[in-house]
Amino acid sequence: MASNCSSPTVRLDPHGEVLGQRFSSYLAPTLKEAPAEAEIISHKLMIRAGLIRRLAAGIYNYLPMGLRSLRKVERIIRGEMNRFGAREVLLPAVQPAELWKESGRWEKYGPELLRFKDRHDRDFVFGPTHEEVITDLVKREARSFRDLPLNLFQIQTKFRDEIRPRFGLMRGREFIMKDAYSFDVDDAAADRSYKAMYQAYQNIFRRCGLKFAAVEAHSGAIGGNYSHEFMVLADSGEDAIAFCPACSYAANLEKATSRYPLTPGPKDGELIKTHTPNCRHVPELAKFLGVPPSSIIKSLLFLADRTEPILALIPGHREINLVKLKDALDGREPVLASPEEAEKIMGVPMGFVTPVGAKVKIVADLALERLQSGVAGAGEKDYHYLNAQIHRDFPVHALVDLVVVADEDPCPQCGQPLAIRRGIEVGHVFKLGVKYSAALGATFMGSDGQLTPLIMGCYGIGLGRTLAAAAEQNHDRDGLIWPMALAPFQVALLPLQIQNPDVAQAAETLLDELTSLGVEVLLDDRDERPGLKFKDADLLGLPLRATISEKSLANGAVELKKRLDRTVTTLPVAVAAQELKNLVETMLSPI
RNA sequence: CGGGAUGUGGCGCAGCCUGGGUAGCGCACCUGAAUGGGGUUCAGGGGGUCGCUGGUUCAAAUCCAGUCAUCCCGACCA
């Protein structure tokens, strides 16, 4: 690169990013205190370190420092997607409503979908996701099995008008997502596409230096029949995960299953009505009758889509899982009936509702068969049945898994106790099947001459969320501690007495050496006192800090401090650049 | 959308309720001097239609009404 002696060379990396940046001319406003709006640590630190600023609820500016890290996440993702055979495209953010009407999601997606009209009064949406657009594209352009398999991805801004955006980049309304879509000729091929993306995601999050788990997930509103979520483990996570420390089992709590313990009642015992005054709730009923809560059959009245009454039966020691119940109701929304509604429909106060002879549909948890018999409401105030037996005393319309797994329930794979932990969902892979291809008529001509719907998969990663999750997982009380792969710069270079020409010159020389080796450096060239520079360096959390001072130069040395473990070593000036370069390399390759 | 709260210089807050009358503190910012290894000190300085609109009043940051915005708790999701 050409240089001239009067102006400093601007060295760029292969991506066009500046390798050696000067703090004084960089927009990196650090804050002593976080704004009151920031609640969780990653949000506070990302604002304090000058990475992001809020513009409106759930809508953020990325400042230069934040953008550098975001670009790193982006490059890691792009690299792995390309490695696993996906092709990058860029689809429009603004989409005509027709496509959404065709897929049925114009009605289904709800108020989260940002809708607007153009000057001709035509309906448009700002894309929250791109199944419609991509399927439309592929159905036009990929007509034959010879064009398949196909996996297309993009990295682009989405908008979802979340009811409650929160936690900074964690749940924004406008956010940047990598979304990929695969198209295959049959199920086996679709499985291969799915597995490839699963592996790509493992690589991506590993390279980002995150502690994460891939967990079985519920498919949610996107639809489809099989999916995994990639969860970054963090106490502030919005999701709960059931986790087996002994084997590989991990699932979103919404999805997790278990043959949890319970105390079976007698087989073929006689149905007996017994007086249970004021025993409305499981704990008092269990105490009154001297039975374990698990042998009580809890009857909960729901209204499917607020209309059809449904009685859900679960053992008394577990909570109902509304997601599972919703699936059992074919996607209709279960709303718990109010005590007044329940009394009106069932004719008895809540707590004494009975499945025996009930005129409404009954959905029961699988465990009721293992239970053999149990205590159930008798349909009469202050009375319960003993030995109520599923099938014999009350028929059920569906027998399915309905409960929320509890801490230490046995793992469905190995039987060891499960642990429940919290996580941040940074990625999600779905096997979609033919949901969109069938709705939008996306078919291909097979080798047999038949038109068949494409088998689809879709795969998302939230970039800002990944960045926030990394911050959430890597910090201490002084600030951020970036994994080398995501750090905005790899080395913080701190000349402590910038007004001393020897110190300033030594820093310039080291900056030049480092950047010529391709190391990313932030030079704190501000005329500030050492304490302030140290504080800012800690807050920014660049993994390596090189300090040059009158003191260190007297020993011909540069002081090196690692942000993570705070270990300090000194390097002779002559070899400092190369040593730092080597360190960066080793810290980049994940262990 | 339901429940709870908050809006006062760039950031954090006090003042309001409980007497309606000059708008205050810390940090940041600017100038000067000293200082120079963990948010330095002193002196001086700039910056606010107190979210907005309307009302009550001689007089409103303060009382009343409406409205907007932001945050927290629930359903949704990358």
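Predicted model, so just to flag it, every value in this text is computed and none were measured. Below, read A as the first sequence line, B as the second, and so on, with proteins coming before strands; counting in each chain starts at 1.
Among the atoms of the strands shown, none is found under 4.0 Å from any heavy atom of Tyr459(A). Across all strands shown, Arg477(A) has no heavy atoms under 4.0 Å from either base or sugar-phosphate atoms. Residue Asp161(A) is classed as having no contact, given no heavy-atom separation below 4.0 Å to the nucleic acid. Residue Ala56(A) is classed as a sugar-phosphate contact, given heavy-atom separations below 4.0 Å to backbone atoms only. If you check every strand for non-hydrogen atoms under 4.0 Å, Arg48(A) touches a base.
Rounded to an integer number of Å, the gap from CD of Glu162(A) to P of C76(B) is 11 Å. Separating the CE atom of Met170(A) from the P atom of C76(B) is a distance of 19 Å, rounded to the nearest angstrom. Note: CZ (Arg164(A)) to P (C76(B)) measures 13 Å, nearest angstrom. Computed from coordinates, the Glu37(A) CD to C11(B) P distance equals 9 Å when rounded to whole Å. Distance, Tyr60(A) OH to C71(B) P: 6 Å, rounded to whole Å. Distance, Leu113(A) CG to C76(B) C1': 13 Å, rounded to whole Å. A34(B) atom P lies 12 Å from atom CD of Gln499(A), rounded to whole Å.
Judged by distance alone, with hydrogens and angles left aside, Asp536(A) brings a side-chain donor or acceptor within reach of the base of G39(B), the pair sitting under 3.5 Å. Taking only distance into account, the side chain of Arg545(A) meets the base of G38(B) through a donor-acceptor pair shorter than 3.5 Å. Between the base of U70(B) and the side chain of Arg54(A) there is no donor-acceptor pair shorter than 3.5 Å. Between the base of G36(B) and the side chain of Glu550(A) there is no donor-acceptor pair shorter than 3.5 Å. The base of C77(B) is paired with the side chain of Asp239(A) by a donor and an acceptor separated by under 3.5 Å. Applying the 3.5 Å distance criterion, the base of G39(B) shares no donor-acceptor pair with the side chain of Asp538(A). Side-chain atoms of Arg171(A) and base atoms of C77(B) include a donor and an acceptor less than 3.5 Å apart.
Listed by chain and number, the residues in a side-chain contact (heavy atoms from CB on, under 4.5 Å) with Arg164(A) are Arg166(A) (sequence neighbours excluded).
Listed nucleotides: C77(B), C76(B), C71(B). Nearest to the side chain of Arg465(A): C77(B).
Nucleotide A5(B) forms a Watson-Crick or G-U wobble pair with U70(B), both donor-acceptor distances falling under 3.5 Å. Across all strands shown, C58(B) forms a Watson-Crick or G-U wobble pair with G21(B), both key distances being under 3.5 Å. Base pairing of C11(B): its partner is G26(B), meeting the Watson-Crick or G-U wobble criterion (both donor-acceptor distances under 3.5 Å).
Between C63(B) and G7(B), the two P atoms lie 12 Å apart (nearest whole Å).
Classification of the His228(A)-Tyr198(A) ring pair by plane angle, with boundaries at 30° and 60°, yields perpendicular.
No cation-pi contact links Arg160(A) to Phe175(A), judged by a cut-off of 6.0 Å to the six-membered ring centre and 45° from its axis.
Residue Glu319(A) places its CD atom among 12 or fewer non-hydrogen atoms of other residues, nucleotides or ligands, all under 6.0 Å distant.
Using modelled atom types and a 3.5 Å distance limit, the side chains of Tyr109(A) and Arg115(A) yield no donor-acceptor pair.
Heavy-atom minimum distance, Leu493(A) versus Ala507(A): CD2-O, 3.5 Å.
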Protein proximity profile, nucleotides 24-32 of chain B - base contact B, sugar-phosphate-only contact S, no contact -, cut-off 4.0 Å on heavy atoms
--BS-----
